[in-house]
Amino acid sequence: MASYRIRQYREQDYDAVRTLFARGILEHAPAGYRHILRSARAQLGLLVLFAAVRAAAGYWVLGLAAVALALAATWPVVRSFSTSYVQEALCTDLCDISTSYLRAPDSCFWVAEAGGSVVGMVAVTPAQDPAERGVALELKRMSVSKDYRGRGISKALCGEVLRFARARGYGAVVLSTSMVQVAAQRLYEGQGFKKVGTFSPSLLGSLLCFQIFHYRCDLPGGTA
């Protein structure tokens, strides 16, 4: 098993971090697509579409063709959730990582390095939710290269965030992750996080049954 070390972000990590983040998010798009197709709402919609086209055209083959076109059209819509999220991050906090996380108060950014390459990353910043401001920090941008998963890197990165929050007297760490990131959910729950909320990122997300889970880990002794 290859060794690794956790260290603070440096400017020379910029391209590697942005690439790692984008790949990590985009790889979940197929899982999101499969999840949506398995939902009762999507299956009912496809059945209604098939029946309507078959009744109107009189041919079941045309009904199947309409379903196939609907499936093909759904994929880019689902993938757009991932691509738009990536583009927003790359144009905001990940555009100037040092300013966003190293020069901002109660914020930090770490990378996991193995074999001279960046193979993992995580950030922490004051919680965006006004109700959590001054009380909780937010874990963000967690990602580990596919080739280095299962080696404890994610757990180590999560531990850095929790220690950082405790050292500054915060009472909790919060985070958000999508419903299809099952491995991430298991990791966070193993580190003491509990699911405290669920929401859809948009009206379209709600229609497609795509949800974001909100997690919180209460820290003993926090005073902020």
Main-chain N/O of V144 paired with R149 side-chain donor or acceptor, under 3.5 Å: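 Yes, because the side chain of R149 sits within donor-acceptor range (under 3.5 Å) of the backbone of V144.
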Please examine the side chains of [Y] and [X], heavy atoms only from C-beta on, and report whether any two atoms are closer than 4.5 Å.
| X | Y | answer |
| --- | --- | --- |
| H214 | K195 | no |
| I153 | V119 | yes |
| T177 | I212 | no |
| L219 | C217 | yes |
| R103 | D96 | yes |
| L71 | Y33 | yes |
| R10 | D13 | yes |
| E138 | P126 | no |

Answer yes if the side chains of [X] and [Y] hold a donor-acceptor pair under 3.5 Å, and no otherwise.
| X | Y | answer |
| --- | --- | --- |
| T83 | R79 | no |
| Q87 | S84 | no |
| E11 | S98 | yes |

Minimum heavy-atom distance [X]-[Y], with the two atoms named:
| X | Y | value |
| --- | --- | --- |
| C95 | R18 | CA-NH1, 3.7 Å |
| A57 | L62 | CB-CD1, 3.4 Å |
| Q185 | M179 | NE2-O, 3.1 Å |
| D106 | L137 | O-CD2, 3.7 Å |
| A136 | V174 | CB-CG1, 4.1 Å |
| F50 | G63 | CD1-C, 3.3 Å |

Check: W110 ring centre within less than 6.0 Å of F164 ring centre: yes
Geometric cation-pi criterion R168 and Y170, 6.0 Å radius, 45° cone: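 R168 over Y170 ring: no.
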Using 0.5 Å steps for rounding, measure from the [atom1] atom of [X] to the [atom2] atom of [Y].
| X | Y | atom1 | atom2 | value |
| --- | --- | --- | --- | --- |
| Q128 | S176 | CD | OG | 8.0 Å |
| R34 | I36 | CZ | CD1 | 11.5 Å |
| K146 | R23 | NZ | CZ | 10.0 Å |
| L187 | L157 | CG | CG | 9.0 Å |
| K140 | S100 | NZ | OG | 8.0 Å |
| S154 | M142 | OG | CE | 5.5 Å |

Side-chain cluster (under 4.5 Å, hydrophobic types only) that V17 belongs to, other residues: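 Same cluster as V17: Y9, Y14, L20, F21, I25, L26, Y85, V86, L90, L94, I97, Y101, L102, F109, V111, V118, M121.
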Side-chain hydrophobic cluster, 4.5 Å single linkage: members besides V182: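 None; V182 is a cluster of one.
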Criterion side-chain contact (heavy atoms from CB on, under 4.5 Å) on W60 and V53, from CA distance to verdict: CA-CA 8 Å; W60 64 268; V53 173; over 6 Å; no
Carboxylate-amine/guanidinium contact D218 K194, below 4.0 Å: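 Salt bridge absent between D218 and K194.
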Ionic contact status for R216 with E132, cut-off 4.0 Å: yes
Verify same cluster id: L64, L44 (apolar side-chain graph, 4.5 Å):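 No, it is not one cluster - the side chains of L64 and L44 are not joined through contacts under 4.5 Å.
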Parallel, tilted or perpendicular: ring planes of Y215 versus Y188, cut at 30 and 60 degrees: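 It falls in the tilted class, 30° to 60°.
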Contacts of type salt bridge (Lys or Arg N to Asp or Glu O under 4.0 Å), residue R163, not counting sequence neighbours: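 Partners of R163 by the salt bridge (Lys or Arg N to Asp or Glu O under 4.0 Å) criterion, ordered by chain and then number, come out as E160.
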